[in-house]
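A short worksheet on the structure shown next.
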4 protein chains.
Amino acid sequence: MMIVMKADADEAQIGEVIKRVEALGLRPHLSRGKERTVIGVLGDCRYLSPDDFVGSAGVDGIVPISLPYKLASREFQARNSAFSIGGVQLGAEEILIIAGPCSVESRSQLLETACAVREAGAHALRGGAYKPRTSPYAFQGLGEQGLELLAEAREVTGLPVVTEVLEPQKVPLVAHFADVLQIGARSMQNYVLLEAVGMIHRPVLLKRGAGATIEELLMAAEYLLSRGNPRVILCERGIRTFETSTRSTTDINAIPALKARTHLPVVLDPSHSTGHWEYVEAVARAGVAAGADGLIVEVHAHPSQALSDGPQSLKPERFAQLVQQVSAVARAVGRSVPPPSLCYVRQSERAEVEHG
Amino acid sequence: MMIVMKADADEAQIGEVIKRVEALGLRPHLSRGKERTVIGVLGDCRYLSPDDFVGSAGVDGIVPISLPYKLASREFQARNSAFSIGGVQLGAEEILIIAGPCSVESRSQLLETACAVREAGAHALRGGAYKPRTSPYAFQGLGEQGLELLAEAREVTGLPVVTEVLEPQKVPLVAHFADVLQIGARSMQNYVLLEAVGMIHRPVLLKRGAGATIEELLMAAEYLLSRGNPRVILCERGIRTFETSTRSTTDINAIPALKARTHLPVVLDPSHSTGHWEYVEAVARAGVAAGADGLIVEVHAHPSQALSDGPQSLKPERFAQLVQQVSAVARAVGRSVPPPSLCYVRQSERAEVEHG
Amino acid sequence: MMIVMKADADEAQIGEVIKRVEALGLRPHLSRGKERTVIGVLGDCRYLSPDDFVGSAGVDGIVPISLPYKLASREFQARNSAFSIGGVQLGAEEILIIAGPCSVESRSQLLETACAVREAGAHALRGGAYKPRTSPYAFQGLGEQGLELLAEAREVTGLPVVTEVLEPQKVPLVAHFADVLQIGARSMQNYVLLEAVGMIHRPVLLKRGAGATIEELLMAAEYLLSRGNPRVILCERGIRTFETSTRSTTDINAIPALKARTHLPVVLDPSHSTGHWEYVEAVARAGVAAGADGLIVEVHAHPSQALSDGPQSLKPERFAQLVQQVSAVARAVGRSVPPPSLCYVRQSERAEVEHG
Amino acid sequence: MMIVMKADADEAQIGEVIKRVEALGLRPHLSRGKERTVIGVLGDCRYLSPDDFVGSAGVDGIVPISLPYKLASREFQARNSAFSIGGVQLGAEEILIIAGPCSVESRSQLLETACAVREAGAHALRGGAYKPRTSPYAFQGLGEQGLELLAEAREVTGLPVVTEVLEPQKVPLVAHFADVLQIGARSMQNYVLLEAVGMIHRPVLLKRGAGATIEELLMAAEYLLSRGNPRVILCERGIRTFETSTRSTTDINAIPALKARTHLPVVLDPSHSTGHWEYVEAVARAGVAAGADGLIVEVHAHPSQALSDGPQSLKPERFAQLVQQVSAVARAVGRSVPPPSLCYVRQSERAEVEHG
């Protein structure tokens, strides 16, 4: 059980709650986030009632074990979280499309692909500078040089940059270059990293682990929110199942299930969730039809030469077709894919973020 | 490996192939279907080449272990299988919507729901007379009385009837009343049943087992096709995974993956694949966006009183809304949900089936 | 919810309970087993308390939804179910070893393997006459001829025969030849078959479906028990997971989890649960160490020539080694693998079964 | 594909291989480990033959995509890796037992449990100072204070300490206090952490991720080995499946499957792999019967008061019983659980490690 204090609770009120927890033979565990303090109650809570604390001065609410996230929940905030990426307003009816190569491989590869996805209608550019690879012998990304190339691609195209950060120490460096920090599927439960990213002023794209439940994804988001970063985008990218025809199984149910549980925007990564470029368009359309707020798609000008994820990367012309198809589906469900020109709004948005 | 003989292969040609198999130290296993004979090659085939048989008189093709289905495959038949249900032409751009209660519970319940789904736009009526239930103590369906009520509902609404058959001996009885026979998820690998249904003149709705792969579903279809029944509809209805927020995980990838592998129509059952009525609309839209040829949806006039599957059943008004939403998505992907009046074509279709 | 009547409840008591159910606005569903009558309560039971019925004349107990099996549960019967197969006393400290080929392929193959497993220490002979095969073109078993060969092998070796039955109509035929009827993994939820096998006087080996939960396995056993057949052996044979190094994942946890929940004996099939003969010995030892009451192992005199399951079949000499290893582990956990000579007790046992 | 250079390959030989890769239109990627250099070949390797490089001067071997780990493989090293922990010789016939609380909670809790597990026969003490918790509000461990308490417990009991490290920056600190570093299931694919731990002189206990395959576990081990740390212990701790009766599904098949593929020692964590203390003994016995080289077990003097993992923690007296049972099973499979007094050998071992 955890006791969430009101945003304006004072030290005396916090102290009072702590005393009461101790009097019940339990131990309080203080967690001071940017926005509010939460007091975890440690020990055997089985005989503890929320009634023991609800109504105490300064107490906002009690979160029992059965719904272990709070800040991420619709109960806590009924209206959608709203913020913009690349000029696209998340939390309303607009659909955000992020596209680009799996890895930044070279200046020419990145710029060619970035221009192509911009032209095809993408609102933001993805590309990995630090790559978590299953094999220690595989290409691990260009690192800081990759970040610089991403920044250059942003200058050229006007597209904000989404890129992965793998370790807490690199958060400031990646945040210096990137507009949105990605936490990859394999890092979803890297809590030290979550805490570091929770402390900065940058939107975060949080990918669901391939072996993680919907609830665990929301708990990972709770780490980010509880440390003070409110701009969290959840990303379904496929789960591990017994089916081997596709690399992962897209959990399309997760889209309405997440939208019911949380106010955070939800995007789908049909490239990883299928693992086959032939299925990416169909599953991208399905994602938007199911209520996703955006897509993140792997595009490579020359997939057969890609250093990673070639089999699931679309060529630019197929990606342009995907944008057309997805736009039609978006209209059918009362939403819209904004034209890419809108992304120039981004410049002011970025300024606001940096000085805000 | 299996050797598929041409439809017009004669006994001499079959005998020749058998001799050759034996000469290679292997054993032939003859399987005579309605349309063609297949010779399985038993023993260690690892050193056997398709070249040993391709080109022999009467041999149509060789199916290696890696693609164990043939008649169901796109390689065998590139164009979509086409046939109509309830006046809706499967295999083309039309979307078929089947709806109705999980179980037939009573005359009034069935007729009320059947009329409601007809009015909302369904093209066919589903309803279980024989119910496979996890518990021996649960309601097992009304049996033959349920079939009679389904036939009455067809007279009243003009909707063709889709209903499950659980055992080979009941195939003639169920086929007498029903327009489409359903093989449920738990029966997908009941090969004795598949063989019996493969012998009759009725379209079949074949549901994927919750623990079955895409390939196994196609192999089950192969049983039906190899016994001579060409009108097979595949149905994705969710698979078993570690995710517990939803009853099953809708394998949305399976839709493009199946369409790539087979010429058979593919429908989605969003009621079972989510298990929560709140998610049914979203996942129904996703299915059509991903390329499904139809939907099968549980609707109950009074879900809270349903004897089975209440939590995943839509009320008629929500179902009407689903049809509207799905129609809009269908148009967005270049397809259409025919208006229900078309279903009167069914009368002649049914006649043709019975006398054809 | 279901109301289990006492074995000696009379019609008046049953009628009284039915009236009370109806008075509460719910519908009763009568299920008359050989041993006792169970009244299912249909409708919305959420506001119904067990107290409404407990204490009524003739009522033995109430099974709520959360524990949907009763006759199979330890709550219902605390002591282990006890019966003997091949002279081995199940339900006590003895370990039963069943071995033989996947399929009966020929007289010489079967007799050679049967004698070999008898010599190596097996107490019963397995062998499939009817084979459920994923492919319609694969070897489907020798059918009745296979049953006759099994009976001959029993005469030669004295080993009782365990063989699969696939359809209700074949139950009397298979029961005529076999000592133990096997319900295969793919038939675990074939309720029509379960009911037919529940009505006969033969022990049953019930295999867990590869996609079925522990609870569903117990519910399938409940079908058998509720129809009057008390001699049910549960068999763990591996479940479907994302791991592809092995054909299935042996759910070793299921052994203690089943022993905690049910009084029925539990055996392990390490051949199917691993799919690789190299791992069969290790997992067989693990099964007995975890508390299994027996093993069922695939053995083939010439695995490379097997028509089915060659890769997971042990040669007789490896099987003999397995028996030695398992015997040592059995002693370490306070149990024993009886010497095979005990199996001659079987003759009287069989007589008793047939005339009992 | 990767080209593994011999340990004594010189720069000229490495340069020669690089040139040849480039001449084939592919890109080389150099990875210089402590022991050897590996050259990854980037690009489309499908038409590349190992023969293109095998036999070149300085080349040790080629690892194709199908077996992506090398240093961890039995092909690379046929004999078991051998090293000792707590006086127990891994890689031979001895069984290592590690036990202790999930978390270090307080001085008295730790010392009480440490003495109890020592007395019951454990060879090493486990205990978490840094805890990765799903909830940001849950107890996260005592941190450095926890490490100091673990060091104190080692002084008191003589047991070497196994504890988890969560982030690269803490590796030197944790290695200062701990004898064995644990990489938890959620960190198995934290490659930055793997690299940091790969660089130090401490044995590592590497836990399999709950959603990770056997091959991915071996790839994670390859990270450690390729950075120069040869003392890697693999740990099976249960995987995610659809079964919900237990917290995880123990993949018992993984034990023989790992022993067949790798020379590294393999231990089992039956506490996490079952999640229920009632099943821990049975599954611990199964692990040793299946060929595990050790066990890691959660023990708490007062499970109901544990701050984490209470439901799966054994009381000391049950743990003592587990050690007795496991010792008997070990003898049955030709192995042994050394008496705890042997652990005093550890002192010299530790000295050797620190100055070696």
Side-chain angles (χ1 to χ4, degrees), chain A residues 208-218 236 238-261 268 270 273-292 324-335, chain B residues 208-218 236 238-261 268 270 273-292 324-335:
Chain A
R208 179 181 181 183
T213 61
I214 287 172
E215 185 172 302
E216 287 168 340
L217 173 59
L218 289 168
E236 163 63 29
I239 58 171
R240 281 259 159 103
T241 72
F242 63 80
E243 177 57 63
T244 54
S245 298
T246 50
R247 187 172 162 189
S248 291
T249 296
T250 308
D251 184 1
I252 197 84
N253 292 357
I255 294 174
L258 283 167
K259 299 299 287 182
R261 283 165 174 72
L268 174 67
S273 78
T274 62
H276 291 271
W277 66 264
E278 298 96 325
Y279 308 150
V280 169
E281 285 161 83
V283 173
R285 295 191 308 257
V288 170
Q324 293 312 309
Q325 294 178 2
V326 161
S327 298
V329 171
R331 280 190 299 273
V333 296
R335 307 187 69 170
Chain B
R208 179 182 183 183
T213 62
I214 287 172
E215 186 172 301
E216 288 168 340
L217 173 59
L218 289 168
E236 163 65 27
I239 59 172
R240 280 260 159 102
T241 72
F242 63 81
E243 178 58 62
T244 53
S245 298
T246 49
R247 186 171 162 189
S248 290
T249 295
T250 308
D251 184 0
I252 197 83
N253 293 356
I255 293 174
L258 283 168
K259 299 297 287 182
R261 284 164 175 73
L268 175 66
S273 78
T274 62
H276 291 271
W277 66 265
E278 298 96 323
Y279 308 151
V280 169
E281 285 162 81
V283 173
R285 295 190 309 256
V288 170
Q324 293 312 309
Q325 294 178 2
V326 161
S327 299
V329 171
R331 281 189 300 273
V333 297
R335 305 187 72 168

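Values in this document were obtained by computation on a predicted structure and should not be read as measured data. Labels below follow one simple rule: chain letters A, B, ... track the order of the sequence lines, proteins then strands, and each chain is numbered from 1.
Separating the CG atom in A:D251 from the CG atom in B:N253 is a distance of 10.5 Å, to the nearest 0.5 Å. If you take OH on A:Y279 and CD1 on B:I255, they are separated by 12.5 Å, rounding to the nearest 0.5 Å.
The candidate with the highest count of non-hydrogen atom pairs below 4.5 Å against chain A, out of B:T244, B:I239, B:V329, is B:I239. Of the residues considered (B:S327, B:A290, B:A254), B:A290 shows the highest number of contacts with chain A, using heavy-atom pairs under 4.5 Å. Here A:A332 is the residue among A:A330, A:A332, A:S273, A:P270 with the most heavy-atom pairs under 4.5 Å with chain B. With respect to chain A, the highest number of heavy-atom pairs below 4.5 Å among B:G238, B:G334, B:G291, B:A212 belongs to B:A212. By number of non-hydrogen pairs under 4.5 angstrom with chain B, the leading residue of A:T246, A:I214, A:V333 is A:I214.
B:S248 touches chain A through its backbone: at least one of N, CA, C or O sits under 4.5 Å from a heavy atom, while the side chain does not. When heavy atoms are compared at a cutoff of 4.5 Å, B:A260 approaches chain A solely by way of its side chain, counted from C-beta outward. Both the backbone and the side chain of A:T274 come within contact range of chain B, each with at least one heavy atom under 4.5 Å from a heavy atom of that chain.
Residues A:S245 and B:R261 share a closest heavy-atom pair of CB-NH2, 3.7 Å.
Salt-bridge formation is detected for the pair A:R208/B:E243: a Lys NZ or Arg NE/NH1/NH2 atom is positioned less than 4.0 Å from an Asp or Glu carboxylate oxygen.
Chain B is approached within less than 4.5 Å, heavy atom to heavy atom, by A:A282, A:V283, A:R285, A:A286 from residues 281-288 of chain A, ordered by number.
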